[in-house]
Chemist: 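Structure in structure tokens, see below.
Count residues from 1 along the sequence.
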Amino acid sequence: MAFGQRLRQLRQKQGLRQQDLAVQLQVSKPTISAYENETREPGLKMCQKMAHFFNVSLDDLVGDKPSVTQTIDLKMLLNSKTKLTYDKRPLSKQEVERIKQTLDKYDNNGGAKAFKMSKLD
């Protein structure tokens, strides 16, 4: 999504008119209109001010997707001393061990076929 569209979306989500946002950001209504229509680009300080006002990250404000994809070997992670959580709940050693056993079974039995052949409790 383009910056102007994202700005408009955030503004409308808050139920604000361009004039309302202009007052909050201490700029003119035509400035907000120019940002939304992408005939003018805000500087870094203004983007920071907007991100703070809308309580979003700069990346979210400008519609930027992270360009780095991180690959983590799940087996190494499960065997590490890292404290693992699920939905913010810490996993016990027994739960981590059960996950490892399930993944080993999945890997050793031809992937998805293993889940069709066995019942998981």
Chemist: Report yes if some heavy atom in the side chain of Ile99 is under 4.5 Å from a heavy atom in the side chain of Leu91; otherwise report no.
Modeler: yes
Chemist: For Glu95, give me all partners under side-chain hydrogen bond (donor to acceptor under 3.5 Å, both in side chains), at least two apart in sequence or on another chain.
Modeler: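 Once residues adjacent in sequence are excluded, the partners of Glu95 under the side-chain hydrogen bond (donor to acceptor under 3.5 Å, both in side chains) criterion are Arg89, Ser92.
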Chemist: Looking at side-chain heavy atoms only, is the closest gap between Cys47 and Leu61 below 4.5 Å?
Modeler: yes
Chemist: Do Thr31 and Arg40 have side chains that approach each other closer than 4.5 Å (heavy atoms only, starting at C-beta)?
Modeler: yes
Chemist: Between Tyr86 and Leu78, is there shared hydrophobic-cluster membership here, with clusters defined by ILVMFWY side-chain heavy atoms closer than 4.5 Å?
Modeler: yes
Chemist: Hydrophobic clustering (ILVMFWY, side-chain heavy atoms < 4.5 Å, transitive) - are Val23 and Ile32 grouped together?
Modeler: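 No, separate clusters.
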Chemist: First locate atom OG of Ser33, then atom CG of Leu21, and finally report the distance between them rounded to the nearest 0.5 Å.
Modeler: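 Nearest 0.5 Å value for the OG-CG distance: 11.5 Å.
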Chemist: First locate atom CD of Gln24, then atom CD of Gln19, and finally report the distance between them rounded to the nearest 0.5 Å.
Modeler: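 Separation between the atoms: 11.0 Å.
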Chemist: Check whether any side-chain heavy atom of Leu16 sits under 4.5 Å from a side-chain heavy atom of Gln12, and report yes or no.
Modeler: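 The answer is no, as the side chains (C-beta and beyond) never meet within the 4.5 Å cut-off.
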Chemist: What is the distance from atom CD of Glu38 to atom CG of Leu7, rounded to the nearest 0.5 Å?
Modeler: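 Reported value, rounded in 0.5 Å steps: 9.5 Å.
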Chemist: In Å and rounded to the nearest 0.5 Å, what is the CD to CE distance from Glu41 to Met46?
Modeler: 14.0 Å
Chemist: How far does CG of Leu103 sit from NZ of Lys75, to the nearest 0.5 angstrom?
Modeler: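 With rounding to 0.5 Å, CG (Leu103) is 9.5 Å from NZ (Lys75).
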Chemist: For residues 20-36, which residue pairs pass the salt bridge (charged side-chain N to carboxylate O under 4.0 Å, His left out) check, not counting sequence neighbours?
Modeler: Arg8-Glu36, Arg11-Glu36, Arg17-Asp20
Chemist: Rounded to the nearest 0.5 Å, how far does CD of Glu97 lie from OG1 of Thr102?
Modeler: 10.0 Å
Chemist: Do any N or O atoms from the side chain of Thr82 and from the backbone of Leu84 form a donor-acceptor pair under 3.5 angstrom?
Modeler: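 No; zero donor-acceptor contacts below 3.5 Å.
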Chemist: Could you check whether Gln101 and Arg98, counting side-chain N and O atoms only, form a donor-acceptor pair closer than 3.5 Å?
Modeler: no
Chemist: Step by step, work out the side-chain contact (heavy atoms from CB on, under 4.5 Å) result for Leu10 and Gln14.
Modeler: CA-CA 6 Å; Leu10 290 168; Gln14 296 283 326; 5.9 Å; no
Chemist: Under 3.5 Å, side-chain donor or acceptor atoms of residues 49-57 against the rest of the protein: list the pairs with distances, not counting sequence neighbours.
Modeler:
residue : atom : partner : partner atom : Å
Lys49   : NZ   : Leu25   : O            : 3.1
Lys49   : NZ   : Gln26   : OE1          : 3.3
Ser57   : OG   : Asp60   : N            : 2.9

